[in-house]
There are 2 protein chains.
Amino acid sequence: MGPSKKAQKTKERILKAAIEIFSEKGYSAARTSEIAKKAGVAEGTIFRYFPKKKDLLHEIVLEAIDTFGEIIALSSLKKVVEENKEKSLEEFLKAIVLDRVKIFNNYFNLAKVVFYEMQFHEDVRKMFVDKIAKKAVNLGKEIFGERQEMGDLKDIDLLIAARSFMGMVFIMLIQKQFLPEVSTTNDFEKEIETVIDIFLNGVKKRD
Amino acid sequence: MGPSKKAQKTKERILKAAIEIFSEKGYSAARTSEIAKKAGVAEGTIFRYFPKKKDLLHEIVLEAIDTFGEIIALSSLKKVVEENKEKSLEEFLKAIVLDRVKIFNNYFNLAKVVFYEMQFHEDVRKMFVDKIAKKAVNLGKEIFGERQEMGDLKDIDLLIAARSFMGMVFIMLIQKQFLPEVSTTNDFEKEIETVIDIFLNGVKKRD
DNA sequence: ATAAAAAGTGAGTAATCACTCAATTATCCC
DNA sequence: GGGATAATTGAGTGATTACTCACTTTTTAT
């Protein structure tokens, strides 16, 4: 007899609370007592499902890598790519970015925990590289490679191009999240359009 | 009578050890016993100089913000800018990036501690924003603004342009540091040239 | 309805850790 | 050299924390 529905719910509540606390103060500073309180269970209950505190982190990271690796990075993105294939490069990229950002926001805390703990746990880093980074790079190459074959793109290193584009978008999100007071505008769509314009056409005046 | 030379040395050894340990496992997971061991002092000695563990972090962050804010971000960069003013935009940016990356590597652990703890300590974040982020943004705007007036750049939002360029370089460094197995090339200079080319001219084929 | 199994509880425990302090050693100044 | 001051030491301490376990409550099966 497997775990009951209620047990499943309890486990999920604990995981959810742990993600929040971990993302708020980091794994090491997070207290199991606080996780229990936020999850609305007794502290002992946590240890019925996760014998060690580390097991909590590991399950969260595994879940996150599954979520990001399979669902987000691949199938749902491919759908967006398929749907927007016929559009101009500008619209194509804008559709992808808007879609990715929407998803990213939903999983922001989860992503924070993974990025953060990756630095300190070699096993987490390795999983991230194998299950996400490499796939993301390949997917980026694939998407841009297709456009390159279509004659839309210059003959440029696709890894660098895809990575650079990700960097531009990533730093925009980071800035908006952590340093909002630096911003000049709040028009997100407009800003994405500018970023895409820089990526596609550069900042240099044509001569 | 101020602190003796020896006392000064001891304090510096403790700070250096703390930066290493903090950057390795994060502030919370770092143990004062381990810092003492690495610094080659007794645990009690740490508390003569830093009554609380937090004081260690605060002094490190203050020092880092001073270092990055004043020395790196401003005077030394201005020198590089001045020296390369007459060159082409390509060479100008390449000189700046190479110079900044060299400095960044020297202070990598320190930067890691600041970036990392910024998430969890509001006071650290605020100092970072006031003393570094805003200055960096203004400097970026200034540098690019000058080139814009010279007619080298399009009429584009300078904050977004400067930030995007930083993002492209930043993600390159991050990838090389944390995900080296993803790389295809090891020719750093060549890669920077590609990044600059993308930033200046874009990836789109001219029609 | 009831017994057995599963889930949940929270006071208690052992281990860990930041921090103290009385004692020791090194440095300074005459 | 010696007395005063400053620096260092590390065993000890109280507080905190992950984790345990004997017990209670809830759920399930018949």
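Throughout, a chain's letter reflects where its sequence line sits, starting with A, and its residues are numbered from 1. Worth saying up front: this structure is predicted, and the values here are computed from it rather than measured. Basis for what follows: all heavy atoms, side chains included, without hydrogens, waters or symmetry-related copies.
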By side chain to side chain contact (heavy atoms under 4.5 Å, CB included) - contacts of A/Glu181 (at least two apart): B/Arg125, B/Val129, B/Lys134
Atom-to-atom span, CD of A/Glu34 to P of D/dT17 - whole angstrom: 10 Å
Minimum-distance nucleotide (side-chain atoms of A/Arg48 versus C/dA7, C/dA18, C/dG10): C/dA7
Rounded distance in Å - NZ (A/Lys53) to P (D/dC19): 8 Å
A/Thr32 side-chain N/O to D/dT17 phosphate OP1/OP2 under 4.0 Å: no
Under-4.0 Å side-chain N/O to phosphate OP1/OP2 contact, A/Thr10 with C/dG8: yes
Under 4.0 angstrom between B/Arg31 side-chain N/O and C/dC17 OP1 or OP2: yes
Sugar-phosphate only, base, or nothing, as touched by A/Phe50 at under 4.0 Å among non-hydrogen atoms: nothing
Spacing between B/Leu56 atom CG and C/dC17 atom P, to the nearest angstrom: 16 Å
Under 3.5 Å donor-acceptor, A/Tyr27 side chain and A/Lys54 backbone: yes
Closest to side chain of B/Tyr49, choosing from C/dA7, D/dA7, D/dT9: D/dA7
Shortest side-chain distance from A/Lys52, nucleotide among C/dG8, D/dC19, C/dC19: D/dC19
Under 3.5 Å: donor-acceptor pair, side chain of B/Lys154, backbone of A/Asn201: yes
CA sep, side-chain torsions, deciding dist, call: B/Phe144, B/Phe165, side-chain contact (heavy atoms from CB on, under 4.5 Å): CA-CA 11 Å; B/Phe144 284 118; B/Phe165 185 61; 4.3 Å; yes
Length of the CD1-C1' vector between A/Ile35 and D/dC19, whole Å: 13 Å
Touch class at under 4.0 angstrom, heavy-atom based, for B/Ala36 against every strand present: nothing
A/Glu90 backbone acceptor or donor facing B/Lys204 side chain under 3.5 Å: no
Length of the CZ-C1' vector between B/Phe47 and C/dA18, whole Å: 5 Å
Sugar-phosphate only, base, or nothing, as touched by A/Ala29 at under 4.0 Å among non-hydrogen atoms: nothing
Separation of C/dT9 P from A/Lys37 NZ (nearest whole Å): 15 Å
Separation of atom NZ in A/Lys9 from atom P in C/dG8, rounded to whole Å: 13 Å
Between C/dA7 (C1') and A/Arg13 (CZ): distance, integer Å: 12 Å
Of the listed nucleotides C/dT9, D/dA18, C/dA18, the one nearest the side chain of A/Glu43: D/dA18
